[in-house]
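The model shown is predicted, which means the values in this text are computed figures rather than measured ones.
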Amino acid sequence: MDHRKKFPHLRQDFAASLVVFLVALPLCVGVAVASGVPAELGLITGIVGGLVTGMMRGSSLQVSGPAAGLTVLVFEAVQEFGLPALGVIVLASGLLQLAMGFLKLGRWFRAISVSVVEGMLAGIGLVIIAGQLYAAAGMKAPTSGLGKVVGLPQALVDAAGSGTALASLALGAGTIAVMVVWKRLPKAVRTVPGALAAVVLATLASLAFAMPVDTVEVQGLAGSIHLPGLDAFGELADVSVLGTVLAFTLIASAESLFSAAAVDRLHNGPRTEYDKELIAQGTGNAVSGLLGALPMTAVIVRSSANVQAGAQSKASRVLHGVWLLLFAALLPFALALIPIPALAGILVHAGWKLIPLRATATLWREHWGEALILMVTAVAIVAVNMFEGVLIGLALSVAKTAWEASHIRLEVIDKGAGPIEVFLTGNATFLRLPKILDSLEALPQDRPIRLNLTGLHHLDHACRTALENWSVRHSAAGIEPVKVTEPPSP
């Protein structure tokens, strides 16, 4: 059979797979190092993202692998529970994603407030930038997000007095500069991804000038795989471990499905099937967990590179997994040459792109309440931690929606003689009860009242009880009882 009939887009997909591989390689390694785990585990997650998740249905052009957005959470989990527990946490998260996919809950992630998701990514971006500035200077970062930010001025003072730290910072800054400038170079040059070019140039510079900087530690692919033991599964009885599993699941799923929506806007091919995409992500995370590797999400950087490189089918992302596997198996020694400050520079650049500065400014002008939720979520993630920060953002979003949904209008018509007519329209909920009662209690006590509730769409129990009590109190003044016209039955 002619392979062109069986694989009509093989040439485009093959070319796209090489581009995605070159984009993914430094990110896989950088995310692993920033997460406090062996570099090879990032490659394993990237390989699983290509060969396992890439083969499955869902979103045909988006590419999965270790994500910068989860580095903070993974680092905290490894510090608290140890590396052996990571595989069990990722496996449990994958199984939970599978369950949600089979229960068709994927579409509900589209209902999460965009402000909360962008606030989450902004908070993650801030923690990544703060943490990686220490790595760029060859220093050990504080463990908490707030500690990282607060400790930066002193760290910069310490770095200024150390030649080794300054050399390390210069290499990190050079990496960022190359990535920023790379986008402005001719298209022919940009066929090599900026992140890869920056890492290669930084590696060559560190070797040429014999710079005293830390490089990636290499254990070998086989030496990095740690299948979770039975004792590690006992960790799931710990409430804090279960909280981490839930955080991994919610954040990885939300990031993947929001990425899918963004990728759908980049091409005219088949649209994402959200529940199937959640099943694909769950399968990938379950396999990653069994191998003791990092959690995965769909990554917008790799996915957009895939689309822009001309990919037509899921073959490109599967092939990118093959190239990652070949690199990890045949050229692992190449990792040992990569300077840590160069990877820190890549992640500082990635963290900066997670902060939606322009979108926040626009949002503030048009919907300041949503912008406030975004900023509070971001600050909460830095000040407290990832999971609680997202919960604070969700709670604020729900409270804002409830407040807006309880919009009510109270109109008083007093013709000077006869009864005073009061019209309530909208949604009468307990949130607006103080406003309603203040207006009613300000009415004259010696005049009959006609309370018209026919314009209400909703009247909750708290409001109904309060209106009944007010009517009784007003009628007790010895005048004509308050006449209430009830809203129509639903």
Side-chain angles (χ1 to χ4, degrees), residues 24 27-54 56 58 62-101 109 120-121 124 127-128 224-228 232 235-236 241-260 277-302 321 324 347 350 354 385-387 390:
L27 284 172
C28 286
V29 177
V31 167
V33 172
S35 301
V37 304
E40 289 87 348
L41 292 185
L43 290 174
I44 291 167
T45 300
I47 292 163
V48 173
L51 299 184
V52 178
T53 305
M56 301 182 73
Q62 84 169 352
V63 184
S64 298
L70 284 173
T71 51
V72 179
L73 205 54
V74 174
F75 183 82
E76 289 174 359
V78 171
Q79 292 293 309
E80 189 172 349
F81 310 117
L83 187 56
L86 179 63
V88 173
I89 292 169
V90 176
L91 171 60
S93 301
L95 295 175
L96 199 50
Q97 283 182 308
L98 279 169
M100 291 193 302
F109 278 89
M120 175 188 83
L121 294 174
I124 291 165
V127 176
I128 287 172
S224 303
I225 296 174
H226 296 287
L227 303 179
E235 297 269 3
L236 291 173
V241 172
L242 288 176
T244 303
V245 169
L246 192 59
F248 271 43
T249 306
L250 292 178
I251 292 166
S253 302
E255 200 172 330
S256 292
L257 298 180
F258 272 89
S259 169
E277 181 61 22
L278 203 50
I279 290 169
Q281 294 295 327
T283 305
N285 273 316
V287 174
S288 279
L290 283 172
L291 297 172
L294 292 170
M296 77 170 61
T297 74
V299 187
I300 190 63
V301 175
R302 285 166 228 178
L324 283 174
L347 284 162
L354 289 175
N385 61 39
M386 171 88 72
F387 189 44
V390 171

Sub-4.5 Å side-chain heavy-atom contact between [X] and [Y]:
X: Leu291; Y: Leu41; result: no
X: Leu70; Y: Ile251; result: yes
X: Met100; Y: Thr249; result: yes
X: Thr53; Y: Thr283; result: no
X: Val78; Y: Ser35; result: no
X: Leu83; Y: Leu86; result: yes

Could you give the distance from [atom1] ([X]) to [atom2] ([Y]), rounded to the nearest 0.5 Å?
X: Leu236; Y: Ile89; atom1: CG; atom2: CD1; result: 8.0 Å
X: Leu250; Y: Gln97; atom1: CG; atom2: CD; result: 9.5 Å
X: Leu257; Y: Gln62; atom1: CG; atom2: CD; result: 8.0 Å
X: Asn285; Y: Leu98; atom1: CG; atom2: CG; result: 9.0 Å

Test side-chain contact (heavy atoms from CB on, under 4.5 Å) applied to Val72 and Ile128, step by step = CA-CA 7 Å; Val72 179; Ile128 287 172; 4.2 Å; yes
Looking only at non-hydrogen atoms, find the nearest pair between [X] and [Y] and report the distance.
X: Phe75; Y: Gly36; answer: CD1-N, 4.1 Å
X: Gly289; Y: Val90; answer: N-CG1, 3.7 Å
X: Leu91; Y: Ala286; answer: CD1-O, 3.5 Å
X: Ala32; Y: Leu294; answer: CA-CD1, 3.8 Å
X: Gly65; Y: Thr45; answer: C-CG2, 4.0 Å
X: Ala293; Y: Ile44; answer: CB-CG2, 3.8 Å

Quick one: do the Gln281 and Ser64 side chains pair a donor with an acceptor below 3.5 Å?
->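 Ser64 and Gln281 do have a side-chain donor-acceptor pair below 3.5 Å.
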